[in-house]
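Below: one structure, written as structure tokens.
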Amino acid sequence: MIASQDERRDLTVRGGRVVLASEIIAADVVIRNGRVAALAEPGVPVAQEELVVDASDRYVLPGGVDVHTHVALPFGDVATRDDFASASRAAALGGTTTFLEFAIPLEGESCVEAVRRRLSEAEGVTHVDYGFHGCITSVGDLDELGTQVEQLAELGVNTIKVFTAYRALVMLELGEVWAVMRAAAEAGLLVMVHAETESLVEGAGRDLVARGETQVRHQPLARPPRAELDAAVSVLRLASETRCSVYLVHVTLPEVADAIEQARHDGVDAHGESCPHYLLLDESCYSSDRAELFVCSPPIRRRAAAEGLWPRLGTALSGVHSDHCCFDIAQKTAHPGDLSRIPPGLPGIETRMPVMISEALHDAISLTDVVRLCAAEPARVFGLKGKGSLLPGYDADLVVVDPHAETEVAGGLHMETDFSPFDGWPLRGRIETVAARGRLVVRDGAWTDLAPRGRVLERDRLERHYPVGDVAGPGAVGRVAPW
Ligand code: URP
Ligand code: ZN
Ligand code: ZN
């Protein structure tokens, strides 16, 4: 009886191979009150009334943690199609049981007001656990900036996003980024950066216009690698000077990953992420008949860049996240031929885990790598207590995967769009069962239609990685301490 599972807290996932960040073990996962109570020897006795999920010949992974999503994002004169209900349902169906969203201020709103608004949008309708990143899109009075940052921390928000791109929408100048980093370092918050130097993007755009090269196939040139690398190097330098923890989102270039790694060696608490589309696709997508659908910032790069990201996963690039941005085909193709009017971003909250699991089952990486990149490290870096592992005491967010299934990304996804950049992509492995804090929200690949029970996750300030008044010296690799 599916309906009663919601109330039933006792669950055992039996006979599976449990994937931890460091190893895979044969164990039964015993769940009590929404948490993992034990990883038991296979065959642990269960009470008659207890619910049992048979995971024999299956892998059991912690639920995915996606720290980069844009649900209901307004962008210029359009907005992504989804809301917290539909996005969180799609997330769960794709094996993601925690996500962190951005609270981008609307015109006239402060970053704190934006977080409060986003909290109320998500409350009561979200099916998995979630939280927010504050976003600072303008800097005025510095005392007020410090107050806002402090208030974010008091709201349980330990991250601030800034953009060095998208002039007139959300962009900060470097001097403003520096001010945000100084305030964030003081309050113990991490600063996430969309790093592309807008003036270099604009310069490239002028050049393309002069040459009449403004079709979608020119998108890789419109936002060139130099813009990403230039911004990355600048903000890493600012992070070093301000002693601020920094996280570069959607890294597309091995050179940027190397700059992060170098910053770490120089004592900066620096992190980066990439996304499945940057790891697996290449710029030939912009010459296809669906080119508009792949427009995103930064663009999808050359095959060599994508290949160069893989060896950097797990070090400079500690996570793989979706950058989920749910525009549909009508929105992406409304202004054919006008690159500047295609809303950037790709849907992906539902496909991130299946695609990465599939890559692991094809031996591109290991399943323990998937756990580290898509759950454990993000939980650690972002201070998501109880998330990202199936060790006893953690939340019972889990995914049961049949490794033998061969399918493909196709229609029938649950995101509020009608395409995926991975349409037709062969998938090995199928997500069969998903539990969110011990509740079965997906069974045999199907939504079990439970009432939304997602909770907002408050996160503590980061530990001060840099003692006040001390200057991190070379070789003092700063890392977020395990909690
Ligand atoms: O193209 C993208 N990535 N759209 C979403 C907004 C952002 O820049 O992350
Ligand atoms: Zn971005
Ligand atoms: Zn994004």
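Positions are given from 1 along the sequence. Counting starts at 1 for both ligands and their atoms, following the listed order.
- What sits closest to atom 1 (O) of ligand 1 on the protein, heavy atoms only, is Ser297 N, 2.7 Å.
- The aromatic rings of Tyr166 and Phe163 sit tilted, their planes meeting at an angle between 30° and 60°.
- Among the heteroatoms counted here (N, O or S) of Asp323, OD1 is the one nearest to the Zn ion (ligand 3).
- In this structure, Asp129 contributes its side chain and Arg455 its backbone to a donor-acceptor pair below 3.5 Å.
- In terms of protein heavy atoms, atom 3 (N) of ligand 1 is closest to Asp323 OD2, 2.7 Å.
- In this structure, atom 4 (N) of ligand 1 lies nearest to the protein heavy atom Pro344 O, 3.1 Å.
- At a threshold of 4.5 Å between non-hydrogen side-chain atoms, the residues Asp77 and Arg341 count as touching.
- Aromatic pair Tyr286/His218: centroids not less than 6.0 angstrom apart.
- A salt bridge links Glu173 to Arg167: one of the charged nitrogens lies within less than 4.0 Å of a carboxylate oxygen.
- For the ring-ring contact (aromatic ring centres under 6.0 Å, His included) with Phe102, the lone residue among His321, His70, His324 that qualifies is His70.
- Note: Tyr247 OH to His271 NE2 = 9.0 Å, rounded to the nearest 0.5 Å.
- Which parts of ligand 1 touch His68 is read off a 4.0 Å heavy-atom cut-off, strictly below it: atoms 9 (O).
- Within His194, the N, O or S atom at minimum distance from the Zn ion (ligand 2) carries the name ND1.
- Under a 4.0 Å criterion applied to the non-hydrogen atoms of Cys325, ligand 1 contributes the atoms 4 (N), 5 (C).
- Close contacts of ligand 1 with Cys296, meaning ligand atoms under 4.0 Å from a residue heavy atom, involve 1 (O).
- In terms of protein heavy-atom proximity, atom 6 (C) of ligand 1 is closest to His70 NE2, 3.6 Å.
- In this structure, Tyr166 has a heavy atom closer than 4.0 Å to ligand 1.
- Summary: NE2 is the N/O/S atom of His68 found nearest to the Zn ion (ligand 3).
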Practice item. Could you walk me through whether Leu279 and Glu359 pass side chain to side chain contact (heavy atoms under 4.5 Å, CB included), step by step? Key: CA-CA 11 Å; Leu279 290 163; Glu359 288 307 301; over 6 Å; no

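- The name of the N, O or S atom in His250 nearest to the Zn ion (ligand 2) is NE2.
- The distance from ligand 1 to the heavy atoms of Gly345 drops below 4.0 Å at these ligand atoms: 1 (O), 2 (C), 4 (N).
- For ligand 1, the polar-atom distance check finds an N/O of His194 within less than 3.5 Å of one of the ligand's N/O atoms.
- For Phe382 and His133, the gap between ring centers is short of 6.0 Å.
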